[in-house]
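Numbers restart at 1 for each chain; the letters A, B, ... are given by sequence-line order, proteins then strands.
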Amino acid sequence: MTDTLESREASTLPPVELREAAGAVAGTGRRGARWWSGVGLVLLIASLGALAWTPGPLVRPEGFTLVTDFLGAATTPSTDGAFLAVVGSAAVTTVAYAVLGTVVSVVLGFVGGILSSEVWWLEGRHGAARRRATAGWIAVRGTLVLPRAIHEVIWGLVFLSVLGLTPLVAVLAIGIPFGAVTAKVFSELLDESPRRPYRAALAAGTPRAIALLHTLLPVAWSDLLSYGFYRFECAIRSAAILGLIGAGGLGFQLALSLQTLNYREVWTVLYALIVLSAATDVWSSAVRRRRASGARPGNPVIRGSLVAALVLGLFSLWWVQLDLSVLVAADTWRLAGQIVTDAWPPTLDVPVFELVVAALITVAMSVLAIVLAVAGGAVLAFPAASTGAPTIGRRVRVVATRAVLIVLRALPPPVWALLFLFVMAPGLLPGAMALGVYTLGILGRLMAESVENLERRPQQALQAAGASGAAVSVYAVVPAVAPRFVAFGLYRWEVTIRETVVVGVVGAGGLGLLLNDQLTSFDYAASLTTLAVVVVLTALVDATSAGVRRSVR
Amino acid sequence: MTAVFTLEGAGLSYPGVTALRGCDLEISAGERVAVIGPSGAGKSSLIALLNGTALPTDGTATTLGCDFARTRTRAARRTRRQVGTVYQQFDLVEQLRVVHNVNAGRLGYWPFWKAAYSLVRPRGIDEVRHALERVGIADKLEARTVTLSGGQKQRVALARVLVQQPQAILADEPIASLDPRLGAEVIDLLNEISAEAGTTLVTSLHDVDMALSRFQRIVALRDGHIVFDRPPDAVSTGDVEELYAAPDSPGLVG
């Protein structure tokens with residue numbers, strides 16, 4: 001029963017990158033939808049209200065000259081030879097972090113995915129053995145929830161305190177949370193693969209691991225690889241963000257140039273980030289498109305990409321000179337042990353009011369950001385979608401809109417936050433704007449793709465009946481795309497609540513700011529309390545989002 | 001004659017559904033048995049009890065002396081290796097080449113490293129080729145399974161059972177997805193294979209004529225229990241009509 005539901009789900013969403021969003025559940029009907037719209041509206045109004053609550057003026061007019069200076073420098077990025085060399089090397093470092101982080105996450109995801117799949121634990125088991133296996137299954141799934149709920153940057157901050165400044169910080173900070181997400185996605189891929197051959201192999205007395213290897217992996221592995229490429233795309237952005245907290249690479253250069261207010265250098269770094277991000281976008285979607293259209297592993301693009309990935313992996317290992325010895329060093333373990341004893345038990349002796357306010361700001365930030373992103377994405381999705389006859393005007397429109405979307409998502413949220421902080425008082429607004437603008441870049445592309453993939457026949461039928469363009473879009477296009485846009489928005493809301501922490505770190509307020517303050521003052525017990533609040537909030541948002549998705553389906 | 005399969009008062013129920021109840025059945029080595037009955041009579045459930053993919057909720061089921069409900073995994077696996085099953089949907093991995101799907105029959109005998117390596121360089125090609133020859137599709141060794149027709153896929157499934165060399169073959173509606181001519185060929189093939197090696201064969205079928213003309217023993221199921229169990233020449237037209245009659249009218253239900 002769930003099989004059919006899940007496969008239907010899979011066919012209505014773009015392939016693997018939205019796996020995280022696709023929790024298949026039965027609909028609760030219209031009443032649920034109305035109830036959730038009401039809740040959403042109340043949340044939105046409350047979040048707007050929270051804006052007014054921020055102390056002091058929202059906008060700092062004096063900052064506008066800074067913005068003009070900053071934007072003015074866009075046309076004259078620093079082309080100083082020595083600086084270009086530094087940026088080039090930083091870019092390679094960022095790529096290397098992303099590559100190694102992705103490799104770690106795919107390996108963790110592979111093992112974790114098998115160990116958290118239903119087929120591994122439950123299929124073909126009965127009675128007491130099944131009850132024992134269920135306990136094991138739930139335990140593994142439970143362990144994977146925590147690393148997923150905690151953002152890369154928090155992992156980065158924690159590893160930074162334990163391991164010090166080593167490339168391993170970035171690799172692990174990307175690899176662990178991404179690995180947990182990949183594990184979830186891979187376990188779903190395994191559980192959704194046709195199960196009968198696996199069942200038949202078990203019935204013929206095949207040991208579980210071998211049966212899985214021969215019947216489920218041949219079906220699921222190519223989706224895992226394709227998902228790995230999508231993860232790499234995300235890892236590039238994460239690697240840049242991790243640079244901002246000191247892990248090196250482009251983000252680190254950016255932070256240095258920003259601190260010295262050298263805008264021409266800032267632009268050089270930003271351009272490098274945009275090129276890098278656009279290139280990985282193009283590469284990863286080329287691979288995934290071929291996968292989705294059913295290309296075999298022998299396809300030249302896929303084979304070439306796999307070889308390139310292997311070469312990149314080896315090169316990255318050499319480039320960052322990954323030193324694994326810190327992992328076994330006595331110092332590391334002593335430090336880790338000390339942090340754990342400092343942090344445990346988490347203190348309840350925190351200013352509760354401050355914590356509650358920070359939590360509310362965080363939620364409001366995520367709500368405003370996602371509303372901005374969905375609204376903007378819905379507007380830009382149509383000009384960005386290449387549908388209809390390819391006239392020159394249309395092409396220009398499509399390319400221009402897509403370029404805007406690429407720039408929006410190439411700059412990581414903390415960078416946007418720093419820019420908005422020029423003109424806005426620290427707090428809710430710059431954080432929401434930063435996350436909103438960045439998420440708009442991501443949602444715009446997803447939405448444009450879903451507009452492109454729309455079934456054309458209903459529109460053609462209306463046109464043939466003499467309907468105007470406006471009538472066609474109201475009757476055929478909007479009803480078809482609206483549920484998907486809502487689903488994308490909800491999925492991204494879950495991601496955004498995690499990312500509020502990231503903009504918080506650079507001073508945009510909320511739990512991220514609080515956490516950063518506590519971590520930098522080595523108050524680990526209070527940090528753990530804040531972290532627990534973050535995890536609870538994340539879980540609440542996930543549950544709400546799942547509830548809404550159930551009701552709109 | 002030693003018993004290969006024994007059911008004693010075996011029942012199988014899921015929450016809200018009773019698939020089988022009070023089934024007594026003994027099948028000896030070398031017998032070739034057809035299980036017939038209308039849709040939903042419990043034929044697939046019976047096959048599932050025999051190969052241990054389901055455990056009886058009442059009574060006992062014993063396969064080659066092994067009661068799956070009371071046996072540790074390792075020993076149960078040894079018994080499973082002795083029972084080959086063919087299904088209506090073939091249960092092949094479509095993405096793999098035919099040779100791997102045939103080899104799947106003896107994965108239970110291979111250590112992990114050998115099973116893994118075989119996906120790169122197929123092991124035991126000679127036996128695979130021999131099995132494919134036996135089922136008449138020797139030329140498909142390297143073909144991708146997804147490219148085969150339904151009849152060819154069922155032959156691959158038969159070849160898989162051949163390399164497994166089991167003591168008993170179970171077939172759950174093996175020809176329901178095939179057209180009549182192909183179906184007859186597959187049933188004949190199953191019977192030949194079993195006769196050659198003295199293998200016990202239990203097939204569920206919805207084609208009564210096929211069952212009566214090609215098997216030594218007919219077990220009829222209806223509403224989850226065994227209605228009759230006798231040689232085909234002792235099965236009358238009346239028996240068959242009664243077996244497949246529309247459900248009893250409400251007045252007659254006790």
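Both the backbone and the side chain of Ala209(A) have a heavy atom closer than 4.5 Å to some heavy atom of chain B. Only the side chain of Tyr87(B) comes within less than 4.5 Å of a heavy atom in chain A; its backbone stays farther off. Interface remark: Leu202(A) contributes backbone atoms only to the contact with chain B (heavy atom separation under 4.5 Å). For Leu107(B), the parts sitting under 4.5 Å from any heavy atom of chain A are the backbone and the side chain alike. With a 4.5 angstrom heavy-atom cutoff, Pro207(A) touches chain B via backbone and side-chain atoms both.
Ranked by heavy-atom pairs under 4.5 Å with chain A, the list Leu92(B), Asn103(B), Asn101(B) is led by Leu92(B). Options Ala200(A), Ala203(A), Gly124(A) differ in how many heavy-atom pairs under 4.5 Å they form with chain B, and the most are formed by Ala203(A).
From Gln95(B), atom CD reaches atom CG of Leu217(A) across 11.5 Å, with rounding to the nearest 0.5 Å.
Contact record, Val219(A) with Val93(B): CG2-CG1, 4.0 Å, taken as the closest heavy-atom pair.
The closest donor-acceptor contact from the side chain of His214(A) to the backbone of Ala115(B) lies under 3.5 Å. Formation of a donor-acceptor pair under 3.5 Å by the His126(A) side chain with backbone atoms of Thr53(B) is found in this model.
Among the residues in residues 145-172 of chain B, those with a non-hydrogen atom closer than 4.5 angstrom to a non-hydrogen atom of chain A are Arg160(B), Gln164(B). Residues from residues 58-82 of chain B that place a non-hydrogen atom less than 4.5 Å from a non-hydrogen atom of chain A comprise Arg77(B), Arg80(B), Arg81(B), given in numerical order.
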